[in-house]
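Report on the following structure.
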Protein chains: 2
Amino acid sequence: MAEHVCAEIVPIFQQLNHDELLKVSDLVKHHHVSKGEVILSPDTPSQLVIIAQGAAKTYQLSANGKEQLLRVLDAGNFEGEKNLFGVGNDELYVEMLKNSTYCSIETKDFQQLLGTYPSIALKLLKSNAEKIDSLEKQNQLLNHDLVEQRLATYLLDLAKTNGSYQLTLPMKLKELASFLGTTPETISRKLKLFGQENLIKQNRHDIEITSPDGLSKIKDA
Amino acid sequence: MAEHVCAEIVPIFQQLNHDELLKVSDLVKHHHVSKGEVILSPDTPSQLVIIAQGAAKTYQLSANGKEQLLRVLDAGNFEGEKNLFGVGNDELYVEMLKNSTYCSIETKDFQQLLGTYPSIALKLLKSNAEKIDSLEKQNQLLNHDLVEQRLATYLLDLAKTNGSYQLTLPMKLKELASFLGTTPETISRKLKLFGQENLIKQNRHDIEITSPDGLSKIKDA
DNA sequence: GAAAATAATTGATTTACGTCAAGTAGCTTG
DNA sequence: CAAGCTACTTGACGTAAATCAATTATTTTC
């Protein structure tokens with residue numbers, strides 16, 4: 001894996017331009033390690049690690065001191081994004097499952113970089129703020145107890161984003177169901193219901209909102 | 001309202017130290033405005049506004065072009081935190097309900113400041129990362145469909161934070177219920193159930209987890 | 001363009017949990 | 001310590017929505 005490929009993978013770096021990405025890539029260190037080696041723990045420096053070749057497991061120690069497997073990292077997976085911002089998860093361990101190579105960026109190097117190139121910090125602040133925004137939105141969605149409310153909220157939101165009451169569901173019902181915390185069947189039924197109440201006209205995934213006010217009322221019920 | 005009081009109010013500034021806060025306060029502008037005046041809209045510069053005296057309403061234009069009231073801002077309330085990070089909500093309006101005074105920080109001034117004092121940016125990055133973390137946690141909680149799962153997750157989390165299986169519920173059931181997206185009654189019943197299944201011993205708000213594994217099983221069911 | 005796989009709809013049944021209501025326990029206040 | 005308040009518990013009941021299952025569309029594949 002070439003140097004600059006490590007950082008590119010990590011979502012937080014994906015809004016950086018070429019030059020900025022190069023600066024980040026300069027911080028990357030490469031390592032060869034053996035099976036069983038622990039590369040991230042309370043005893044290692046705070047860092048982001050990216051598996052280049054091989055595999056690793058991440059686990060934390062549960063309250064009774066037992067090792068609780070969280071997930072397996074294959075080549076291309078990474079762990080510790082938040083470490084770079086100084087948010088530590090003290091109980092997190094990453095241990096190699098085979099002889100592997102990995103890349104790392106240390107928190108202290110990264111923070112120094114941010115001091116030198118504030119434009120990077122600004123972009124990261126922006127993308128984090130966007131992330132908070134969308135998480136808050138989804139939280140709010142899930143806090144509506146009725147599926148009807150969540151679906152109505154979703155449809156109105158989509159209409160606003162589109163700037164039109166003519167809209168097409170951008171994903172399979174199964175996925176939408178998971179997003180709204182329900183099942184495809186229920187969504188299908190609710191859409192039908194909305195149709196019967198003349199709030200929408202529906203043909204498969206194509207939907208026209210005929211009564212935004214009606215939907216709004218349901219949303220806030 | 002004194003100059004430096006404006007910025008202090010806003011959560012994102014609350015982890016700044018005295019000096020940093022002063023730098024931010026230097027950016028604050030003060031304004032007197034009349035009832036009906038719009039201080040935040042797509043036509044105003046991107047900024048954070050804090051109501052010092054008086055009141056305002058925030059609204060957005062819903063997809064059908066109608067004004068949809070979001071909330072009323074009284075003295076001490078603010079709007080537009082995210083603007084400072086360049087995340088705009090283009091459809092958001094703030095309009096004064098009476099003659100009022102307000103403080104503002106413009107995005108461009110703020111971003112310039114971040115360039116000059118990277119330590120501020122670093123702190124904000126950290127606190128945003130923490131916020132993302134906790135939002136993701138709660139999202140994950142709410143995505144469990146069964147109350148039992150959410151409650152088990154919560155109890156195990158609390159135990160880990162405490163470092164002990166001996167724990168005390170830190171809030172009223174009513175509040176916990178809202179956090180877990182359920183009702184006090186259901187929580188009461190579920191705790192009783194856990195007791196009958198010998199997973200916990202419960203006396204009022206004092207709880208001892210006697211079978212972490214049992215709880216884990218429920219959590220992941 | 002037929003066959004196969006995947007998606008969506010619809011119906012029947014079950015169930016988790018919210019709601020309503022009544023009672024009990026534990027604090028607070030005078 | 002009585003009176004009152006609030007938090008919690010427990011029961012009975014209703015309901016939204018999940019689950020199970022069967023049918024019908026739609027898309028994909030060869």
Side-chain angles (χ1 to χ4, degrees), chain A residues 138-155 158 166-209 214-221, chain B residues 138-155 158 167-209 214-215 217-221:
Chain A
Q138 174 150 20
N139 257 56
Q140 208 180 340
L141 251 192
L142 292 175
N143 267 336
H144 286 287
D145 36 340
L146 298 186
V147 172
E148 264 169 69
Q149 296 176 307
R150 280 174 265 159
L151 185 57
T153 304
Y154 176 79
L155 290 177
L158 201 58
Q166 214 75 38
L167 48 89
T168 301
L169 297 182
M171 43 182 158
K172 291 184 214 148
L173 287 201
K174 190 182 163 190
E175 292 154 350
L176 182 56
S178 143
F179 183 72
L180 296 179
T182 180
T183 61
E185 292 96 324
T186 298
I187 293 194
S188 179
R189 286 183 238 274
K190 292 302 178 187
L191 285 175
K192 192 185 175 191
L193 184 76
F194 286 172
Q196 286 166 354
E197 289 170 345
N198 293 316
L199 304 173
I200 65 171
K201 274 188 202 163
Q202 182 207 9
N203 175 23
R204 220 81 191 134
H205 274 205
D206 296 318
I207 291 177
E208 183 193 351
I209 298 181
L215 279 187
S216 272
K217 251 184 77 182
I218 286 183
K219 170 183 162 182
D220 300 324
Chain B
Q138 174 150 20
N139 255 41
Q140 209 181 339
L141 251 192
L142 291 176
N143 265 336
H144 286 288
D145 35 340
L146 299 186
V147 172
E148 264 169 68
Q149 298 176 306
R150 281 175 265 158
L151 184 57
T153 304
Y154 176 79
L155 290 178
L158 201 58
L167 49 89
T168 301
L169 296 182
M171 42 183 159
K172 292 183 214 149
L173 286 202
K174 192 182 161 188
E175 290 155 351
L176 182 55
S178 144
F179 184 72
L180 297 178
T182 180
T183 60
E185 292 95 325
T186 298
I187 293 194
S188 179
R189 287 183 238 272
K190 291 302 178 187
L191 285 176
K192 192 184 175 192
L193 185 75
F194 286 172
Q196 288 165 352
E197 289 170 345
N198 292 317
L199 304 173
I200 65 171
K201 274 187 200 161
Q202 183 208 7
N203 175 23
R204 217 94 187 121
H205 273 205
D206 296 318
I207 291 178
E208 183 194 350
I209 298 182
L215 279 187
K217 251 185 77 183
I218 286 182
K219 169 184 163 181
D220 300 325

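Computed from a predicted model, the values in this text were never measured in an experiment.
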Do the side chains of [Y] and [X] get nearer than 4.5 Å, heavy atoms only?
X         : Y         : value
Thr168(B) : Leu158(B) : no
Ile218(A) : Leu199(A) : yes
Leu151(B) : Thr182(B) : no
Val147(B) : Leu180(B) : no

Taking only distance into account, with no hydrogens and no angle test, what donor-acceptor pairs under 3.5 Å do side-chain atoms of residues 186-196 of chain A form with protein atoms, sequence neighbours excluded?
unit_1, atom_1, unit_2, atom_2, d
Thr186(A), OG1, Thr183(A), OG1, 3.0
Lys190(A), NZ, Glu148(A), OE2, 3.0

*Asp206(A) side, atom CG; Lys201(A) side, atom NZ - distance, nearest 0.5 Å*: 13.0 Å
_Interatomic distance, Thr153(B) atom OG1 to Leu142(B) atom CG [nearest 0.5 angstrom]_ = 11.0 Å
_When you measure from the side chain of Gln202(A) to the backbone of Arg204(A), do you find a donor-acceptor pair of N or O atoms at a distance under 3.5 Å?_
yes
*Can you tell me how far C1' of dT14(C) sits from CD of Glu185(A), to the nearest Å?*
14 Å
*Round to a whole Å and report the spacing from CG of Leu146(A) to P of dA16(C).*
19 Å
_Does anything in residues 167-181 of chain B come within less than 4.0 Å of DNA chain C? Heavy atoms only, and list the residues if so._
Gly181(B)
*Do any of residues 196-207 of chain A sit with a heavy atom less than 4.0 Å from DNA chain C, and if so which?*
Gln202(A), Arg204(A), His205(A)
*asked:* Please list all pairs meeting salt bridge (Lys or Arg N to Asp or Glu O under 4.0 Å) that have one or both residues in residues 167-178 of chain B, counting only residues at least two apart or in different chains.
replied: none
*Please work out if Ile187(A) contacts a base, only the sugar-phosphate, or nothing of the nucleic acid, heavy-atom cut-off 4.0 Å.*
nothing
*asked:* Could you work out, with side-chain hydrogen bond (donor to acceptor under 3.5 Å, both in side chains) as the rule, every residue matching Lys219(B), not counting sequence neighbours?
replied: none
*Within the pair Ser188(A) and dA8(C), is there a side-chain N or O less than 4.0 Å away from OP1 or OP2?*
no
*asked:* Tell me whether the side-chain N/O atoms of Lys190(B) come closer than 4.0 Å to OP1 or OP2 in dC17(C).
replied: yes
*Presence of donor-acceptor pair under 3.5 Å, side chain of Arg189(B) and base of dG18(C)*: no
*Could you give the start and end, 5' to 3', of the contact zone on DNA chain D for chain A, using atoms under 4.0 Å from its heavy atoms?*
dA16(D) to dT26(D)
*Begin from the C-alpha positions of His205(B) and Leu173(B) and carry the test side chain to side chain contact (heavy atoms under 4.5 Å, CB included) through to its verdict.*
CA-CA 9 Å; His205(B) 273 205; Leu173(B) 286 202; 4.2 Å; yes
